Structures are given as C-alpha cells and as structure tokens.
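Have a look at the structure below, then the notes.
As the structure is a computational prediction, the values presented were derived from the model and not from experiment.
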Amino acid sequence: MDFYKRMKVACGRIPEGKVATYGQIALLCGKPRNARQVGYGLRCGLAGDVPAHRMVNARGVLSGAASFEVPGLQKMLLEKEGIQVMITDEGQVVDLKKYGWKNTLREAETLAVEFELLGI
DNA sequence: AGGTTGACGATAG
DNA sequence: TCTATCGCCAACC
C-alpha cells in the first residue's frame, strides 16, 4: 500500500470551507497511527498537489503554517473559504466544531474501495 | 545498524 | 483545564 498516494486522494476529498486533522486523514488512509507521516508527506510534497491549507492538528491549530511559502498564507487561504481563524496563545486556530470535516462512514468505505481499485 | 526528528495524538494526574 | 509523559513510525542522518 502506498500511503502517500492514498493521502493525495483522501486530502482531495476535504470539502472547501472545511478542515481535516492529520489523524483523521491517517485513519482514512488505513493507517490510524500515522498522523505524523501525514504531516511529513505534506511538508515534503510527497502527496502531490493537495489542499494542504485545510490540514490542522487535533486541537484546530494551524501547526504547519510555518512551512508555507509565505507567512500567513495558510490563514489567508482558509479565510478566503469562509473559515474564521482565531489568534490564541496556541497560535492560529480554527474551531473544529464549526469547520471540522465530519466525514461519513459511507465516505470512508467508498475511499477504501477506491484505493483497492487503484491498487494503492 | 542504531539514534534522532517531528505540519501528531492519547492519556494520566 | 492544563501539564507532563508516553506511544507512534517513516525518514533521515
């Protein structure tokens, strides 16, 4: 199984105006304990052209903001999609209750079938 | 081959 | 709720 190829597909499913967590994507990719690899894959561009700005950690923090080309770019992209980004002592944060992607079990299953079909 | 790193996450206290 | 600590694992020295 090619984790990073799966990542590319899974990340592509995150709806505009929503954000997903690293752990959530790892789970969708069939490797629930590989949250760190999701971040690694994005940082190194191993997942190709994906909407990396929609990725936050489990607390809603834009933990990868510093890795974007321009400082503040991730925040800007999110706000352009209607997502409110707050500034707290933890840094730039979004409200997961409001903007977190709540994928259905059906979506997860569909994704799994697709991976099988693609042989990844 | 073995130690370190890190866009993470869960849990105990 | 906040902190400390531990588990995790592919990459990269």
Q: State which of B:dC8, C:dC8, B:dA7 makes the closest approach to the side chain of A:Arg43.
A: B:dA7

Q: Would you mind reading off the distance between A:Gln37 atom CD and B:dA7 atom P, rounded to a whole angstrom?
A: 12 Å

Q. Under the 3.5 Å rule, do the base of C:dA11 and the side chain of A:Tyr40 count as making a donor-acceptor pair?
A. no

Q.
Please determine whether the number of non-hydrogen atoms from other residues, nucleotides or ligands lying under 6.0 Å from atom NZ of A:Lys97 exceeds 12.
A. no

**Q.** Any side-chain heavy-atom pair of A:Gln24 and A:Leu27 under 4.5 Å
**A.** no

**Q.** Residue closer to the 5' end of DNA chain C, A:Arg36 versus A:Tyr4 (nearest nucleotide)
**A.** A:Arg36

Q. What integer number of Å spans the C1' atoms of C:dA4 and B:dA7?
A. 22 Å

Q.
If I take atom NZ from residue A:Lys8 and atom CG from residue A:Leu46, how far apart are they, to the nearest 0.5 angstrom?
A. 12.0 Å

Q: Measure from CG on A:Leu42 to P on C:dA11 and round the result to the nearest Å.
A: 14 Å

Q. Does a side-chain N or O from A:Ser63 land closer than 4.0 Å to OP1 or OP2 of B:dC8, or not?
A. yes

**Q.** Options B:dA7, B:dC8, C:dA10, nucleotide nearest the side-chain atoms of A:Ala35
**A.** B:dC8

Q) Nearest 0.5 Å, what's the CZ-CD distance between A:Arg43 and A:Gln37? A) 11.0 Å

Q) Do the charged groups of A:Glu107 and A:Arg13 touch, with an N to O distance under 4.0 Å? A) no

(Q) Between P on B:dC8 and CZ on A:Arg33, what's the gap in Å once rounded to a whole number? (A) 18 Å

Q. Can you check whether A:Ala65's main-chain N or O pairs, donor with acceptor, with A:Gln74's side chain at less than 3.5 Å?
A. yes

Q) Quick one: A:Asn34 CG to C:dG7 C1', roughly how many Å, whole number? A) 13 Å

Q) A:Leu28 CG to B:dG9 P: how many Å, rounded? A) 13 Å

Q: Write down the distance between NZ (A:Lys31) and P (B:dG9), rounded to a whole number of angstrom.
A: 18 Å

(Q) Working to the nearest 0.5 angstrom, can you tell me the gap between A:Ile25 CD1 and A:Arg54 CZ? (A) 11.0 Å

Q) Taking a pair as Watson-Crick (N1 to N3 plus N6-O4 or O6-N4) or G-U wobble (N1-O2 and O6-N3), both under 3.5 Å, which stems of 3 or more consecutive pairs involve DNA chain B? A) B:2-6 with C:9-13, B:8-13 with C:2-7

Q: Give the rounded distance in Å between these two atoms: CG of A:Leu46 and P of B:dG6.
A: 16 Å

Q) A:Asn57 has an atom CG; how far is it from atom P of B:dA7, in whole Å? A) 11 Å

